[in-house]
Amino acid sequence: MEKLDPKADGSSMDIVKNNIEKLKSIFPDVFNEGQVDIEKLKERLGEFADDKSERYNLTWHGKSQAKRLAQQPSTGSLRPCKEESKDWDTTENLYIEGDNLEVLKLLQKSYHNKIKIIYIDPPYNTGKDFVYNDDFKDNLNNYFEITGQFDNEGNKLSTNSDTSGRYHTDWLNMIYPRLRLARNLMREDGVIFISIDDNEIANLKKICDEIYGDNNFISSFIWQRAYAPVNMNKYSSTNHDYILAYAKNIDKTVWFGLPRSKEANSRYINPDNDQRGPWKPDNLSAGPVVSDRVYEIVTPSGRKVIPPEGRCWILSKKKFQEYVEDNMIWFGEDGNNVPALKRFLSEVRQFMVPLTVWTYDEVSHSQDAKKEVNKLFDGKAVMDYPKPVKLMQRIVQLSTNENDIIMDFFSGSATMAHAVMQQNIEDNSNRKFIMVQLPENTGEKSDAYKAGYNYITDIGKERIRRAGEIIKEENKDEEGIENLDTGFKVFKLATSNIKTWDTSQSDDLEQTLFNMVENIKEDRTEEDIVYEILLKYGLDLTIPIEETTLNNKKVYIVGYGALIICLDKKITLDIVEEIGNLKDKYQPEIMRVIFKDNGFKDDVIKTNAIQILKKYGIEDVKSL
């Protein structure tokens, strides 16, 4: 007699669950994220629907909404935060706190077609990492609730458990709109690199084929992230991640490859003191056989040689003789060797094509990456899974140089920013970075929280500060070290600085109208508004901004006179004339001027201001 299970809860058998398990054992392919796909089950039972709509594609529940989400404009803005920045007045680097979906939308004008490479390390969907809970109706408000800026009702970033019926769907809906928006920011010769593991590599590859085009696929690089096996794993010990690389337009992609190693260059020698420099011998024969290139060669020592069987010389007899006369053929020091073609170091590419497998001895591994961060933070383990600086440097080396912009919108501990600064000092360049990170709470039990870092963004900003100072100290004797940009401007995602008509106040129309007279929100500064204007006009957030005073009114001169902003009150025609004179002083090709709508002393001055500025050749005059 079968004994009762002492752990049983006494409930009756779950018949439905039992039937599902039986069905899964017979037809495992009809299950999708734990749910039965009825159409697939019908097919397995011999019932096939009309195949007219069939085509090769990747689809999932919510894909159409994800596409729409990418196209919905953001109503937010980016507020400058000088007190958390470093070298605000001179730096060309950015660190942006906020939901990267909204930030990517806000950067669409200012950085359209400007980013050389994008690297991202998104959640791998392992069942432990969080999922961005994108709201198809109001993603901005959703972000403020999640980060505790609007309410305190316990809104949290939740993990995407593999027991969820939407395990892959949630991840796909998260990553899809972000990748679509990212493509718009890339230059025509730009490249995107994406770290991922086995959980979503197949889906990510299909998504990138759709968004970037399968013809723009560069490679699936494999990074050996671990060096020791984990014996508790049942079937295999995974020690690699993938890095997918796609071009925006592979025909225009600029790909530098890797600098030639000392080992590779050491193979080139110059035993005969050839004035053309170091060289190495190369095989003079090749297959298949071409009859007129099979001939006898007599070496200087008198030895007679012919090509190996099934091969011929790569040069015709006449061309070979020309090469001999030009000292392009090597017969060995005693003149008795089989002839070889001299390949000069000066003629080979100065960069090497990378292999698709990147070993940890080349680009480091995850344990080293953690040690790097711990060392920066005085031995404190503030980040669990950072990437190594060497790995990020390799990505930077492959496809950037000089003044290129690199973006990472899942920046974590800001390893990419660290790598950009390090690479800049190594090859004397001035690359810029844009880091974007959600202010995710580190958790009260974490070592990071105990060390005083409440948010991942706190870790990222502090890492850039510390890494920059260390790089400068370690290279203090290098020429031009004083020009190395280790600063960053901090911006934080916020709602627009401009009030909108609130229909919820329609019962008190008089009060609503009174509130709208001053259309700038009370808690916002003039600088907040200036940077929102830059985003609206599509200007770089690091563009030079000069503050000056004209007749006791503050004026912002943006981009050496390309844009003039005056948000002061009681503007008179004298001030308008002064602004007009700035056109002659700076002589920009086009000058635009913006005032605050209720900033003029009266409506007559407002009307006359437009005519006065036209006299100075300023046609684009707006108010907000």
Side-chain angles (χ1 to χ4, degrees), residues 58 67 70-71 92-94 100 103-105 107-122 175-196 204-222 242-260 347-356 358 391-410 416 419-420 423-424 426-436 538-543:
L58 173 66
K67 288 181 178 179
Q71 295 173 349
E92 296 182 274
N93 301 317
L94 298 178
N100 51 24
V103 173
L104 287 169
K105 290 180 181 181
L107 298 181
Q108 289 295 299
K109 279 188 176 181
S110 295
Y111 292 91
H112 181 72
N113 280 342
K114 289 184 179 179
I115 310 298
K116 183 58 174 69
I117 67 167
I118 293 175
Y119 167 79
I120 58 171
D121 184 15
I175 200 70
Y176 190 87
R178 289 165 172 83
L179 291 180
R180 284 181 71 96
L181 289 165
R183 185 183 183 279
N184 297 336
L185 301 180
M186 293 166 63
R187 281 173 20 184
E188 286 302 303
D189 61 351
V191 181
I192 185 168
F193 296 85
I194 309 169
S195 284
I196 202 68
L204 180 62
K205 178 73 167 60
K206 288 185 174 69
I207 284 178
C208 289
D209 284 346
E210 178 177 325
I211 294 174
Y212 299 97
D214 56 4
N215 59 307
N216 289 316
F217 172 67
I218 292 175
S219 186
S220 176
F221 295 107
I222 296 171
Y242 302 95
I243 301 177
L244 285 183
Y246 278 80
K248 184 174 184 180
N249 185 335
I250 204 158
D251 294 327
K252 296 182 179 179
T253 298
V254 176
W255 188 261
F256 299 108
L258 300 175
R260 292 185 60 83
E347 296 174 349
V348 301
R349 291 174 61 182
Q350 294 307 300
F351 291 90
M352 301 172 66
V353 176
L355 295 171
T356 55
W358 297 354
L391 178 65
M392 297 296 99
Q393 275 189 265
R394 169 161 289 196
I395 289 170
V396 170
Q397 286 176 322
L398 285 174
S399 192
T400 70
N401 69 354
E402 297 181 359
N403 298 309
D404 290 339
I405 303 175
I406 294 101
M407 170 182 267
D408 181 350
F409 56 85
F410 285 96
M416 179 55 82
V420 168
Q423 192 58 40
N424 279 345
E426 290 184 14
D427 59 15
N428 193 28
S429 293
N430 187 35
R431 300 175 184 86
K432 297 101 174 172
F433 63 74
I434 300 175
M435 300 291 107
V436 183
L539 297 174
D540 192 316
L541 291 175
T542 62
I543 194 170

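These numbers come from the heavy atoms of this one structure, side chains and all, not from hydrogens, waters or symmetry mates.
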All heavy atoms of T356 vs all of S219, minimum pair found to be CG2-OG, 3.3 Å

V436 backbone acceptor or donor facing N100 side chain under 3.5 Å:
no

Flag side-chain contact, heavy atom, 4.5 Å: L258 against F351
no

Mind listing the closest non-hydrogen atom pair of Q423 and D427 along with its distance?
O-OD1, 2.7 Å

Indicate yes or no: at least one non-hydrogen side-chain atom of I120 is less than 4.5 angstrom from one of F193.
no

For I115 versus I117, what's the shortest heavy-atom pair and its separation?
CG2-O, 3.3 Å

Quick one: which residue pairs count as a salt bridge (charged side-chain N to carboxylate O under 4.0 Å, His left out) with a foot in residues 183-196, not counting sequence neighbours?
R187-D189, R187-D404, E188-K248

Using ring pair (Phe, Tyr, Trp, His ring centres under 6.0 Å) as the criterion, list what pairs up with Y111, not counting sequence neighbours.
none

Nearest-0.5 Å distance, CD1 of residue I192 to CD1 of residue I218
11.0 Å

Can you check whether F409 reaches V103 side chain to side chain, under 4.5 Å on heavy atoms?
no

Do any pairs count as a salt bridge (charged side-chain N to carboxylate O under 4.0 Å, His left out) and have a residue in residues 110-121, sequence neighbours left out, and if so which ones?
D121-K387

From R180 CZ over to E210 CD, what is the distance, rounded to the nearest 0.5 angstrom?
7.0 Å

side-chain contact (heavy atoms from CB on, under 4.5 Å) between I406 and I118, worked out:
CA-CA 6 Å; I406 294 101; I118 293 175; over 6 Å; no

Which heavy-atom pair separates I175 from I207 by the least distance, and what is that distance?
CG2-CD1, 3.8 Å

Just jot down the side-chain contact (heavy atoms from CB on, under 4.5 Å) partners of L355, sequence neighbours excluded, or say none.
none

Which is it for M416 and F433 under the side-chain contact (heavy atoms from CB on, under 4.5 Å) test, yes or no, and what are the steps along the way?
CA-CA 8 Å; M416 179 55 82; F433 63 74; 5.7 Å; no

In the structure I gave you, are the side-chain heavy atoms of Q397 and P259 within less than 4.5 Å of one another anywhere?
yes

Tell me, do F256 and N401 make a side-chain contact under 4.5 Å, heavy atoms counted?
yes

Could you list the residues that satisfy side-chain contact (heavy atoms from CB on, under 4.5 Å) with K206, not counting sequence neighbours?
Y56, L58

Set out, in order, the CA-CA distance, both residues' side-chain angles and the distance that settles side-chain contact (heavy atoms from CB on, under 4.5 Å) for V348 and R260, then state yes or no.
CA-CA 10 Å; V348 301; R260 292 185 60 83; 4.1 Å; yes

I need the minimum non-hydrogen distance between G257 and P354, along with the two atoms involved.
CA-CD, 4.4 Å

Applying salt bridge (Lys or Arg N to Asp or Glu O under 4.0 Å), can you list everything that pairs with E426, at least two apart in sequence or on another chain?
none

Under a 3.5 Å cutoff, is there a donor and acceptor pairing between the side chains of N403 and R431?
no

Calculate, to the nearest 0.5 Å, the distance between atoms CD and CG belonging to E402 and N424 respectively.
11.0 Å

Is there side-chain contact between I194 and L179, with heavy atoms separated by less than 4.5 Å?
yes

Rounded to the nearest 0.5 angstrom, the CG-CD1 distance for D540 and I434 is 7.5 Å

Looking only at heavy atoms, what is the nearest atom pair of A247 and M186, with distance?
C-CE, 4.5 Å

Measuring from F217:CZ to C208:SG, what's the distance to the nearest 0.5 Å?
9.5 Å

Please examine the side chains of L391 and W358, heavy atoms only from C-beta on, and report whether any two atoms are closer than 4.5 Å.
yes

Passes side-chain contact (heavy atoms from CB on, under 4.5 Å), F410 versus S195? Steps please.
CA-CA 11 Å; F410 285 96; S195 284; over 6 Å; no

Gap separating the CZ atom of R394 from the CG atom of L398, nearest 0.5 angstrom:
7.0 Å

Determine whether N113 and L185 make a side-chain contact, defined as any pair of heavy atoms from C-beta on separated by less than 4.5 Å.
no

With no hydrogens and no angle check, is any side-chain donor or acceptor of Y246 less than 3.5 Å from a backbone partner on D214?
no

